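Inspection log for the structure reproduced underneath, given as structure tokens.
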2 protein chains.
Amino acid sequence: MGATKTEHFTDYQNHIAILAKALGHPARIAIIEYLMRVETCICGDIVNELPLAQATVSQHLKELKNAGLIKGSIEGNTICYCIDEKSIEKLIRYFSQITLELKTKSCC
Amino acid sequence: MGATKTEHFTDYQNHIAILAKALGHPARIAIIEYLMRVETCICGDIVNELPLAQATVSQHLKELKNAGLIKGSIEGNTICYCIDEKSIEKLIRYFSQITLELKTKSCC
DNA sequence: AAACTATATCGTAATATTGCAATATTAAAT
DNA sequence: ATTTAATATTGCAATATTACGATATAGTTT
């Protein structure tokens, strides 16, 4: 016990859950907001931006990358991280569909 | 160590993270989708809908409720659970803002 | 090449989450 | 008042996450 029973859910449900889970930590939200704000997307500053150790930030970046929320390309010495717009758009579409569907319901 | 350092992030960042985290499990996504689909929102069927024990479903419902994603009102013997549209709209607004901001950037 | 810089990975401790059986609670039906 | 039905809570084992120091890796600069 203790492990999520992913096999009992659809691929789509698991996919949305993976995206949401990756965003389910304030540090990762802060990273996304930083990448959104900043002109260039050199990573170097992310560590300085966040109140966390370098190893921890690196770990959070990895999770965002695994979920497909950010892309990182090696740029010589540093790594250019940036938001993968498509994943955010996927979430917008998903949640929009929910509110749309809810409009047709009378309940609550 | 091991506990999230929420105190280092803004209330808004923490709030968005809490909403996302609550949606970061396929069972809870399945619950949201079920509540979206169904006409009435009597809870009884949720347990039968999901491949999980009653206690586990109850726990997931509690987490969705704590995050503010669903509302539950006691309806005699059963409980009427339904999606709190406002929370979903909050997420749509948040993610829309991100994509909007990204359009103004050239990077990546 | 040696030193420096940026990032990743490893190991590990602290804490959180997931899942369920057993039990409790509360309202409805008999 | 008992029984039944629906949901919540408790306790606990298995697993995952969070955080960080130490170390590894790889490119840059000197």
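All chains are named by letter (A, B, ...) in the order of the sequence lines, taking the proteins before the strands, and each is independently numbered beginning at 1. This structure is a prediction, so every number in the text was calculated from the model and none was measured.
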**Q.** Side chain of A/A3 - closest among D/dT15, C/dA8, C/dT18
**A.** D/dT15
Q. Where the side chain of B/T78 is defined as all heavy atoms beyond and including C-beta, which of D/dT7, D/dT18, D/dG11 is the nearest nucleotide?
A. D/dT7
Are any of [X]'s side-chain N or O atoms less than 4.0 Å away from OP1 or OP2 of [N]?
{"X": "B/H60", "N": "C/dT17", "result": "no"}
{"X": "A/Y81", "N": "C/dA6", "result": "no"}
{"X": "B/T56", "N": "C/dC20", "result": "yes"}
{"X": "B/K5", "N": "D/dC20", "result": "yes"}

Gap between atoms [atom1] and [atom2], on [X] and [N] respectively (whole Å):
{"X": "B/H25", "N": "D/dT15", "atom1": "NE2", "atom2": "C1'", "value": "12 Å"}
{"X": "B/L61", "N": "C/dT17", "atom1": "CG", "atom2": "P", "value": "16 Å"}
{"X": "B/I79", "N": "C/dT25", "atom1": "CD1", "atom2": "C1'", "value": "11 Å"}
{"X": "B/N14", "N": "D/dT18", "atom1": "CG", "atom2": "P", "value": "13 Å"}
{"X": "B/L52", "N": "C/dA21", "atom1": "CG", "atom2": "P", "value": "11 Å"}
{"X": "B/K65", "N": "D/dT9", "atom1": "NZ", "atom2": "P", "value": "8 Å"}
{"X": "B/Q59", "N": "C/dT17", "atom1": "CD", "atom2": "P", "value": "10 Å"}
{"X": "B/N66", "N": "C/dA16", "atom1": "CG", "atom2": "C1'", "value": "14 Å"}

Q) Parallel, tilted or perpendicular: which fits the ring planes of A/H60 and A/H25, with parallel below 30° and perpendicular above 60°? A) tilted
Q. Can a donor-acceptor pair under 3.5 Å be found between the side-chain atoms of A/Q54 and the base atoms of C/dA6?
A. no
(Q) Do A/I18 and B/I16 land in one hydrophobic cluster if side-chain heavy atoms of ILVMFWY residues count as linked below 4.5 Å? (A) no
Q) Which residue, B/S58 or A/R28, contacts DNA chain D at a nucleotide closer to its 5' end, judged by nearest heavy atom? A) B/S58
Q.
Using heavy-atom distances to pick each residue's nearest nucleotide on DNA chain C, tell me which of B/A55 and A/K21 is more 5'.
A. A/K21
Q) Any side-chain heavy atom of A/I32 sitting closer than 4.5 Å to one from A/R28? A) no
Q) Would B/K103 and A/E85 pass as an ion pair if we require N to O under 4.0 Å? A) yes
Q. If you look at every heavy atom in B/I70 and B/Y81, which pair is closest and at what distance?
A. CD1-CD2, 3.7 Å
